[in-house]
Amino acid sequence: MSDNEKVGHHGEVPTKESSLENKVQGDAPVVDEAPERKKREYKEMEHEKTGDLHAKVDMNTIQFTASDLYDKDKVDIEHVVMEEVFQLLQCTEAGLTETEAHERIGIFGPNKLEEKSENVFLQFLSFMWNPLSWVMEGAALVAIALSNGGGAPPDWQDFVGIVLLLFINSTIGFVEERNAGNAVKALMDSLAPKARVKRDGAWKETESSELVPGDLIAFKHGDICPADCRLTEAIDVSMDQAALTGESLPVSKKLGDECFSGSTCKQGEVEGIVISTGPNTFFGRAATLVGQDNDQVGHLQMVLARIGTFCLVSIGIFVLLEILILYADFRYSYRRGLNNILVLLIGGIPIAMPTVLSVTLAVGAQQLAKHKAIVTRITAIEELAGVTILCSDKTGTLTTNKLTIDKENVKCYSTWDVEGVCLLAAYASRTENQDAIDGCVVGTLATPGLAREGIELLDFKPFNPVDKRTEITYRDVRDGGKLKRATKGMTGIIIELCSRNKTNAMEDQLEADVEEFARRGLRALAVAHEDVLGDDKEGQGNGFELVGLLSIFDPPRSDTKQTIDDAMALGVKVKMVTGDQLAIAKETGRRLGLGDHMYPAKVLKEGPEAGSKHANLDEMIMDADGFAGVFPEHKFEIVKRIQGLGHLCAMTGDGANDAPALSRANVGIAVEGATDAARGAADIVLTEPGLSTIVHAIYGSRVIFQRMRNYAIYACAVTIRIVVCFAIMAFVWKFDFPSFMVLIIAVLNDGTIMTLSLDRVLPSTTPDSWDLAEVFAYGIAYGFYLSASTIALYAVMNETDFFERKFGVVPYKGNDYGAHMVIYLQVAIISQALIFVTRSHGPSWTERPSVALMLAFCLAQLISSIIAAFGNWGFTQVSGISGGWIGIVWIWNIVWYFPLDLVKLAMKRTVIAALQRRKARKIAAAATHDENGERLQRTASRHESLYSNRTNFLSRAANRLRGGAKISMSQNELQRFSSIQAQQSGAALTRAHSRPAA
């Protein structure tokens, strides 16, 4: 078919998104056009047939195996004559027995795509595969292998503690990730489709995964084809293959035709013989050709790398200083200097950072799932928080995806009023097995039963592509039993049919009304009526009279306008991207308050018109409220250009052909009812229609982002406070803090910080972004302040007798074991208290933390105080201290805690304000010199972040262990290509009333 032949109305190609609205009783409601153009569109629905074929080799040489049956050099089982199909599959029209089916499972395998299972042990170890963990692993090796000098044994306590800390963090991350994976698996399992199959001569329902070649199956209107099959019975059948082939309109099927697994039956009833299952189906074969790239690096991986680099550089500087000063100047023994270095390595590394962020994201993903948004790429949550532009589908997302008669726009041309015109149109509609148009017409009545109340149906002619109208002949019981006819359909066809009371003035008015509807994007459906002469239902009538014109529209969802307002309040610009016609897009935009600055997709290729207000295409894209008539390649181009302008872009999609754009977008969103191809490419999958779910996900992602940002500042501050504090104390007083006690601090900190994933925070009202200069500035300021609090305490304790005189406590000087315990308690308490400062925007006491965080903090402080009182651990050079000293430390920390808010305020007004001014200047410069702007975007770089290596390490190790050449599939590939489940998901989730509402 040539390109010209593919072009439909107004020179635009029908797309999948517009298919519902173009099914006009086929296409009847479209604006009045010449019949020749209409015929050309309906010709598009006819598929070319190659004719029945025969096996290319002797049938007796073909073995009953998958390799032979699906070898097209021997036989094309999809197109050979049906007699040879039965011969090849060794079956009859009576179906198989259970015994035969069981045997064939062993030959062909189950009717599903095999999922690649990951090695659980390697998955667990992968959580120790990042630079921060490498430093801790290096510290463990130092403790066990390098610290046995000076006649002392290896530092077993530190070694065991470090390993335990590593395992604790890895276990938490592993369990959270596994739980998230299991939740998705449970969802997919709950959507496992059923199939109706004939076994042992009787029809039964079974799991579609149990189907085998040779099975006789049946399905009907609304069902999903469970396997590739050839039709043995076909009654008025049309199949929607958009999920597989991208075809926008249903395809008619007849006896002997093939139906693909995952296609939807839109009309009729079918019986067929299964010819292929699982990996041998249309999509299964495609799946074997698809690989998966695990090397994409997102914002979060880059942020982890940069924060990790900040911490490693900070530690490295002070480790180098300690080596130079402690060994070269102080002449420390090998073991004593090594213990001091271990303090910096263990205490300075935020070992829990990858785990805390993973847990925060995992918990956030579970919270989003309650609002019908399933996250398939967990780091997409962080990117969603920074989205500035959301490109949204129209049909089903902004609108209801359900055609409606707009009663306010019904035009009347005879004695019938609006209600009368709607009633006549309902008479001329099916009340069962309805298509979209019949459904919306009958929907105008108070109850569907009114469409047949008071009349006796004598004859009904359904819509067909030739007549382009429906017609009913009925007996009007309320009018003395008179026979009457009503018809509805395409305007041009109906007006030609009318012969009674037709005037030039009426035709002029009709033409004007149709043109008005077209300008506003409303579809026109004409209605006519006549009386039948005599009592014969086939008899002549007195001539049809045009009685009215209905306007059909896919109305906006009730919550869409408010949702768009909410999105704009969050700083997110919503752009409509639709496959529908430009006029329809503009009308929808006006009704939603989006605006009507819409452009046809062709501008993406041709650019703005000469003399227009837009200097270039980028300006036009940013100014546009939406685009109409788009294809998947247009979506990809729109996303690419928006990203090129420095924006983070989210894109919605539902079809297999949307996958490139969904993958390209910073956040790809598969809307409710999307195909598995779209779901596999998307980062977030919606299980409820409408835009409100997306906006709620944006709001939720910003809450999660704030939690991560709060922890990042905290982690940087703790690194600085440990390395600066203990290095200075070693340089000034030769203070040797025990490395094991740093481990205790780290464990208690980790336990408390994990609860940040549940913390109550205030999300930003504008799109978030990682300003790491700001994070590092806060971290350095807090770190130096906390270091000062510890150094000041030790200076007063070591250099004066203030505490002994005022409080009567035992004095601790130098490296007394009690002095070590006092410093341990002070560091443990105020370091954890810092989280209340970093988590708040204003004074820390004005924003209430979550109950979980508060309880964890109190428990950690209780444990720290108990250790301080009773921890007589000679092996780590600490001893218990009195209640007086514990009270002194608590009071000291409380006194030093409150000025932390003043530090935050001072930073905001000085350093942070200067950083923000610099950032604003950079943005302005980037807007002027766009080509010089450096932007943080998702990229496929293999080496940009060592944190992406975790998945690569796992994949390489799993490949070495797997062995064999058996084809298998990952979860993503399974979602991408098992086309049955995606088609089922919308209906299944609608039925699952037990799931929490959004």
Side-chain angles (χ1 to χ4, degrees), residues 340 343 347 717-718 720-722 724-738 740-742 744-745 748-749 752 781-837 843-845 857-874 876-906:
N340 277 276
V343 169
V718 169
I720 294 296
R721 79 96 71 244
I722 292 290
V724 171
C725 170
F726 290 116
I728 290 177
M729 291 174 72
F731 299 157
V732 176
W733 294 289
K734 298 184 179 180
F735 183 75
D736 301 327
F737 191 73
F740 185 79
M741 299 310 293
V742 173
I744 299 295
I745 293 172
L748 292 176
N749 277 358
T752 302
Y782 294 143
F784 275 113
Y785 180 83
L786 295 182
S787 297
S789 72
T790 305
I791 292 170
L793 174 64
Y794 184 78
V796 173
M797 180 175 65
N798 188 65
E799 303 295 336
T800 72
D801 60 356
F802 175 78
F803 294 128
E804 298 93 284
R805 286 188 295 102
K806 294 294 183 181
F807 304 102
V809 292
V810 177
Y812 293 126
K813 308 292 182 183
N815 278 309
D816 288 346
Y817 284 11
H820 291 166
M821 188 63 88
V822 169
I823 296 302
Y824 154 76
L825 184 60
Q826 194 274 337
V827 171
I829 293 173
I830 201 164
S831 294
Q832 286 194 20
L834 174 66
I835 192 60
F836 297 112
V837 177
S844 56
W845 60 84
F857 172 78
C858 293
L859 179 62
Q861 302 319 307
L862 178 62
I863 293 173
S864 295
S865 299
I866 292 173
I867 290 174
F870 303 103
N872 293 303
W873 301 337
T876 187
Q877 301 178 352
V878 293
S879 62
I881 56 177
S882 65
W885 272 113
I886 293 174
I888 289 171
V889 171
W890 270 98
I891 294 171
W892 183 272
N893 282 337
I894 290 172
V895 169
W896 278 81
Y897 172 80
F898 287 104
L900 273 170
D901 282 319
L902 298 177
V903 172
K904 177 167 60 180
L905 179 62

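Positions are given from 1 along the sequence.
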- Walk me through it: do D816 and K813 pass the test salt bridge (Lys or Arg N to Asp or Glu O under 4.0 Å)? CA-CA 6 Å; D816 288 346; K813 308 292 182 183; over 6 Å; no
- Query: Listed by chain and number, what are the side chain to side chain contact (heavy atoms under 4.5 Å, CB included) partners of V742, not counting sequence neighbours?
  - Reply: V343, I346, F737
- Message: Does either side chain, that of R721 or that of T790, offer a donor lying less than 3.5 Å from an acceptor on the other one?
- Response: yes
- Pairing residues for Y897 by the side-chain hydrogen bond (donor to acceptor under 3.5 Å, both in side chains) criterion, not counting sequence neighbours: S844
- Item | Side chain proximity check, W733 to E799, heavy atoms < 4.5 angstrom | yes
- Message: Do S787 and I728 have side chains that approach each other closer than 4.5 Å (heavy atoms only, starting at C-beta)?
- Response: no
- Message: Nearest 0.5 Å, please: how far is CE in M741 from CD in Q877?
- Response: 11.5 Å
- Query: Can you check whether W896's main-chain N or O pairs, donor with acceptor, with Y785's side chain at less than 3.5 Å?
  - Reply: yes
- Item | Point-to-point distance, once rounded to the nearest 0.5 Å, from NZ of K904 to OH of Y782 | 5.0 Å
- For N749 and Q832, the nearest pair of non-hydrogen atoms, with its separation, is OD1-CG, 2.8 Å
- Message: Evaluate W873 against I867 for side-chain contact (heavy atoms from CB on, under 4.5 Å), listing each step before the verdict.
- Response: CA-CA 10 Å; W873 301 337; I867 290 174; 3.8 Å; yes
- Task: Might you point out which heavy atoms bring F784 and I720 nearest each other, and give the distance in Å?
- Result: N-CG2, 4.0 Å
- Message: Rounded to the nearest 0.5 Å, what separates atom CD1 in I791 from atom CZ in F726?
- Response: 9.5 Å
- Note on the structure: Heavy-atom closest pair (F803 atom, V796 atom, distance to 0.1 Å) is CE1-CG1, 3.6 Å
- Are side-chain heavy atoms of M797 and W885 found at a separation under 4.5 Å? yes
- Shortest non-hydrogen separation from A868 to L825 and the atoms involved: CB-CD2, 3.9 Å
- Message: Give me the atom names and distance for the closest heavy-atom approach of N340 to A730.
- Response: OD1-CB, 4.0 Å
- Item | Gap separating the CZ atom of F870 from the CE atom of M821, nearest 0.5 angstrom | 11.0 Å
- Task: Determine the minimum heavy-atom distance between I830 and S789, stating which atoms define it.
- Result: CD1-OG, 4.2 Å
- Is there a donor-acceptor contact under 3.5 Å from the side chain of N815 to the main chain of K734? yes
- Note on the structure: One should read off an interatomic distance between C725 SG and F735 CZ, to the nearest 0.5 angstrom, of 8.5 Å
- Task: State whether a side-chain donor-acceptor pair under 3.5 Å links Q861 with W890.
- Result: no
- Query: Out of curiosity, I829 CD1 to Y824 OH, how far, rounded to the nearest 0.5 Å?
  - Reply: 8.5 Å
- Message: Could you check whether any side-chain heavy atom of L900 comes within less than 4.5 Å of a side-chain heavy atom of F836, counting everything from C-beta outward?
- Response: no
